[in-house]
Each structure stands twice: as structure tokens, then as C-alpha cells.
**Student:** 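Once you've had a glance at the structure underneath, I'll fire off some questions.
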Amino acid sequence: MHRIAIFASGEGTNARNFVEHFKNHKDIGISLIVCNRKEAGVVGIAQQANIDTIIVDRDSFYNSDTVLDELKQKADFIVLAGFLWMIPDNICKAFAGRMVNIHPALLPDYGGKGMYGAKVHEAVIANKEKESGITIHYVNDKYDEGKIIFQAKCPVEANDTPETLAKKVHELEYKFYPEIVEKLLLGNIS
């Protein structure tokens, strides 16, 4: 059984999508939610689904092996789903090739520190791009620079706002992210 730990900082819409996608899967399950905000919506999603949760503080996350030790016991793959902190070296090394992220743009454009959520969509629209989309990539020790696994595109219309573009991008996330992770875990893509 493949055990996924989901790292999330916010409402948990992608996490909820993963929980639903894998709830009756015979080979893959969500075993842990890691969050850096105890009031985040994802914590409630984990409670409803009876998934173990770790609330991390900055000090223990970056200066100890506490989280890594929990991960080694409870997970063999990590999915970042709106987790806004850089992953520390100890976790990056231990889960190299077994940790993925989704970015709301077509990397390598519009990635890097500070480029998340509405900021990405605002930049895409300001630069009058004709398309945007999602990028699923492996995680390394730099923001949004890991090997790209998958991209899906959507058009950017002249009348799009950051909110309307975000809606299109979220639809791609919900459609493809769990599916691509499933294919990775089952060895159908690398």
C-alpha cells in the first residue's frame, strides 16, 4: 500500500480532492496531513476523514528531525498541496524522487519564491500571456525548480481577471493532480 502524506497550509481543496480520489483505492491511501496553521481548513478535512495530522511550527520543522521521523513511519510519498513553506533539506533528501508539488502556472515561468496563488495569476495577466495552466513537478531544495512531470494548459482570455484565471487553473488541478500522482505511484509514468 502506497501511503501519501499531504502538506497543505490553507483550505485544503486539493487535499479534499486527494482524499476523495483515493478513499477506496486498493493500492494507495492518504496516511497523514502536515499543516503549518492549526486553523487551516485542511485540518478539518483530515479530521472528517480520520487522517492523522501534524501541526508543525517553524522551529521544529527546520531545526529538528521530528517531522521527518513521523514521515518515515507513516508515509512513503509526499504531495505538496498549497504548502507555503520551503521544504527543509532533511525531508528533501529523505524523500528525493518521492515528493511532488503543483504550481498554478507553466513553469519555468512564474515560479520561485513569493509566486503563489493570486500573485501568479496577476503576473500572467499583466504580461498578456495567451495561456497558463498547471505544472506538476518533483520537489528539490529550490522553489519550483524540480524536474517537471506534467503540464496542462488553459487559455488566458482578454477579459480574464486573476479570479477567473484561478478558477480555470483550479479545474486543471482537480482534474489532473490526483490522477498524475496515482500514475507515478503505480509506475505508469516517471
Side-chain angles (χ1 to χ4, degrees), residues 1-92 94-95 98-104 116-121 134-139 143-144 146 149-150 163 166-186:
M1 179 72 143
H2 297 282
R3 300 168 304 154
I4 297 173
I6 297 176
F7 284 46
S9 296
E11 291 307 306
T13 53
N14 270 312
R16 182 186 309 278
N17 196 28
F18 270 88
V19 169
E20 288 299 312
H21 186 86
F22 291 116
K23 72 179 175 187
N24 295 314
H25 201 287
K26 65 182 178 66
D27 298 315
I28 302 168
I30 310 302
S31 59
L32 186 65
I33 301 285
V34 177
C35 185
N36 59 336
R37 294 175 49 236
K38 65 179 179 239
E39 71 282 356
V42 71
V43 175
I45 291 167
Q47 289 171 340
Q48 288 173 345
N50 290 321
I51 298 170
D52 287 348
T53 306
I54 301 172
I55 306 298
V56 296
D57 64 82
R58 193 172 285 276
D59 183 55
S60 66
F61 192 59
Y62 289 108
N63 300 315
S64 78
D65 285 335
T66 306
V67 176
L68 178 59
D69 292 342
E70 283 279 325
L71 289 166
K72 286 179 176 178
Q73 290 178 26
K74 296 182 178 176
D76 44 45
F77 196 85
I78 297 173
V79 169
L80 304 186
F83 190 73
L84 300 180
W85 289 357
M86 174 73 92
I87 303 302
D89 284 344
N90 63 343
I91 296 174
C92 283
F95 283 85
R98 298 184 296 138
M99 180 169 32
V100 296
N101 183 42
I102 191 163
H103 187 74
Y116 60 89
K119 294 175 184 181
V120 174
H121 307 309
I134 60 167
T135 302
I136 299 169
H137 63 93
Y138 286 107
V139 175
Y143 281 112
D144 303 323
I149 301 162
F150 176 84
E163 294 77 21
K167 187 173 189 295
K168 292 180 193 178
V169 169
H170 281 131
E171 287 172 10
L172 293 174
E173 290 177 2
Y174 303 149
K175 179 178 180 182
F176 290 109
Y177 201 14
E179 178 184 307
I180 295 301
V181 167
E182 181 176 13
K183 288 179 178 180
L184 281 171
L185 291 173
L186 298 179

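Index from 1, following the sequence.
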**Student:** Please enumerate all residues that pass side-chain hydrogen bond (donor to acceptor under 3.5 Å, both in side chains) together with Ser9, with sequence neighbours excluded.
**Tutor:**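 With neighbours one apart ignored, the set is Asn36.
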
**Student:** Taking only residues at least two apart or on different chains, which pairs with a member in residues 10-24 satisfy salt bridge (charged side-chain N to carboxylate O under 4.0 Å, His left out)?
**Tutor:** Glu20-Lys23

**Student:** Quick test of your reading of the model: are Glu163 and Lys167 salt-bridged, counting only N-O distances below 4.0 Å?
**Tutor:**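 Between Lys167 and Glu163 there is no salt bridge, as every charged N stays at least 4.0 Å from the carboxylate O atoms.
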
**Student:** Can you list everything that forms a side-chain hydrogen bond (donor to acceptor under 3.5 Å, both in side chains) with Glu173? Sequence neighbours excluded, please.
**Tutor:**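 By the side-chain hydrogen bond (donor to acceptor under 3.5 Å, both in side chains) rule, Glu173 matches Asn14.
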
**Student:** side-chain hydrogen bond (donor to acceptor under 3.5 Å, both in side chains) with Ser31: which residues, sequence neighbours excluded?
**Tutor:**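 If we apply the side-chain hydrogen bond (donor to acceptor under 3.5 Å, both in side chains) test to Ser31, skipping adjacent residues, there are no hits.
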
**Student:** Considering only residues two or more places apart or on different chains, which pairs with a residue in residues 81-92 satisfy side-chain hydrogen bond (donor to acceptor under 3.5 Å, both in side chains)?
**Tutor:**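 Sorted result for residues 81-92: Asp65-Asn90.
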
**Student:** For residues 40-57, which residue pairs qualify under salt bridge (charged side-chain N to carboxylate O under 4.0 Å, His left out), counting only residues two or more places apart or in two chains?
**Tutor:** Asp52-Lys74

**Student:** Sequence neighbours left out, what passes salt bridge (charged side-chain N to carboxylate O under 4.0 Å, His left out) with Glu39? Give chain and number order.
**Tutor:**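 Partners of Glu39 under the salt bridge (charged side-chain N to carboxylate O under 4.0 Å, His left out) test: Arg37.
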
**Student:** Please confirm whether the backbone N or O of Val139 pairs with a side-chain atom of Asn101, one donor and one acceptor, at under 3.5 Å?
**Tutor:** no

**Student:** If the condition is salt bridge (charged side-chain N to carboxylate O under 4.0 Å, His left out), which residues does Asp69 pass it with, not counting sequence neighbours?
**Tutor:** none

**Student:** With sequence neighbours excluded, what pairs up with Phe176 under the ring-ring contact (aromatic ring centres under 6.0 Å, His included) test?
**Tutor:** Phe150

**Student:** Just to verify, what does Tyr138 make a ring-ring contact (aromatic ring centres under 6.0 Å, His included) with, not counting sequence neighbours?
**Tutor:**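 None.
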
**Student:** Apply salt bridge (charged side-chain N to carboxylate O under 4.0 Å, His left out) to Lys175 and list each qualifying residue two or more places apart in sequence or on a separate chain.
**Tutor:** none

**Student:** Go through the structure and list residues passing side-chain hydrogen bond (donor to acceptor under 3.5 Å, both in side chains) with Gln73, not counting sequence neighbours.
**Tutor:** none

